Number of protein chains: 2
Amino acid sequence: MSADPLILAQDRFIAVWGQMSGAWGISRTMAEVHALLYITGEAMCTDDIMERLEISRGNASMSLRSLLDWGIVERAHKRGDRKEYFSAEQDVWALFRAIVRERIAREVDPLLASLHEIRDMTPTDRARRGEAIPEMLRDSAEAHNKRLDNMLEFFQVLERLGNRFVSPAGRGLQMAATLLSKMDPGGPRP
Amino acid sequence: MSADPLILAQDRFIAVWGQMSGAWGISRTMAEVHALLYITGEAMCTDDIMERLEISRGNASMSLRSLLDWGIVERAHKRGDRKEYFSAEQDVWALFRAIVRERIAREVDPLLASLHEIRDMTPTDRARRGEAIPEMLRDSAEAHNKRLDNMLEFFQVLERLGNRFVSPAGRGLQMAATLLSKMDPGGPRP
DNA sequence: CTTGTCTTTCAGAATATTCTGAAAGTTAGT
DNA sequence: ACTAACTTTCAGAATATTCTGAAAGACAAG
């Protein structure tokens, strides 16, 4: 059997990364496939992956497709070989920029849209000027709207931050480095 | 039935927040209970929650316990009433500081520990000075270690950032504001 | 110590997610 | 156009997660 420490370390990495799958909002197998491609640094074909991870062809195919959709794995080809090969982004910062980009698109944007819709469901002074609303109802509606606005504001800031992190290639690292070096533990300096 | 727009808006908010549950790594019901407490702004007892969300007593009890563990819901008491009441943190930034704090503790810290362990599984020049290792193996081990180190570096930065965001009360907001105001779209200025 | 009120627990049921494998689909080469 | 090599799809199986409800536990008041 394989007592090769490199293989063992790879397997352990794959297992650990698989456990993090929940944190990225992807399935365990997707994470394991990604881990395998990342940690070996090699381009592999479907059969290589099936064999190493002991998963079915269908599962491998679907996981690879999803990883391609997320933009963190890309197709590769070997000359004289009809098979498709796949390789993972090796730049860790680029990897996480891709993850943040997808999660903003899949989670934050739809949430903001929903929150705006909900915001439009309750009447306010602004919305209906002259119309009479029982005072008690108006008060609780205003408190409700304030709570919604606080949420909205938070996610708008989050989205702007995320887009800043994601946008031009390579900025994520600089942003983090700047943050950590320019701010002392007590907070930002003037 | 209730055509009260406020109730309808609350229900919609609860549903939307419930769908985000995956993003925070909590169950749908936990998120719905939290949403209910947040959007109504009221302290409610188990029976109130069971009735409004149409869930079982056991589910309500467990969800509330978990929310207490996360530190985003707290116990409250009403005089002359033996029942326990629960209310959600109303400061949105405090809410997300709590979430970040928990996720660092539950996900990032264990991951860093595992990555360090994995880092120690492969021999390097540093680790075993004189011992002979086949050249090919040594090269691939070094590439492997570099990949691990890149991951480690990323998560160390992430953890420091997270802790900065979380630490003294109120800093999260300032940090985000600083980020957004001090950096132009092209990147940080000297 | 007993009762009544409220809370927690947990085995099994219900639900949701993920995986398999065989069949259908696709494409390159001849 | 046919074949061989490879990829994708998807219904049903396997697995994992979440929920229920009844029983047990906890605690204050009398």
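So you know, we letter chains A, B, ... as the sequences are listed, proteins then strands, and number each from 1. Note that the structure is a prediction, hence the values are computed from the model and not measured.
Inter-residue side-chain proximity for M44(A) and L37(A) is flagged as met; some heavy-atom pair is nearer than 4.5 Å. A 4.5 Å side-chain heavy-atom check between W24(A) and M30(A) finds every atom pair outside the cut-off. Counting heavy atoms from C-beta on, the side chains of N150(A) and W93(B) never come closer than 4.5 Å. H77(A) places none of its side-chain heavy atoms less than 4.5 Å from the side chain of D81(A).
Contact between the side-chain N/O atoms of S61(A) and the OP1/OP2 oxygens of dT7(D) is not found at any separation under 4.0 Å.
Following rounding to the nearest Å, I49(A) (CD1) and dC6(D) (C1') show an atom-to-atom distance of 14 Å. When rounded to the nearest whole Å, the span between CG of L64(A) and C1' of dT8(D) equals 12 Å. Computed from coordinates, the K83(B) NZ to dG4(C) P distance equals 17 Å when rounded to whole Å. In this structure, CD of E84(A) is placed 12 Å from P of dC6(D), rounded to the nearest angstrom. D81(A) places its CG atom 14 Å from the C1' atom of dA4(D), with the value rounded to the nearest Å. Per the geometry, CZ belonging to R75(A) stands 13 Å off C1' belonging to dT26(C), to the nearest Å.
Qualifying ring-ring contact (aromatic ring centres under 6.0 Å, His included) partners for W70(B), counting only residues two or more places apart in sequence or in other chains: none. Every residue two or more places apart in sequence or in another chain that forms a side chain to side chain donor-acceptor pair (under 3.5 Å) with R57(A) is listed here: D47(A).
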Subject >> Under 4.0 Å protein heavy-atom contact, by nucleotide of nucleotides 13-30 of chain D - B base, S sugar-phosphate only >> reply: -----SSBB-----B---
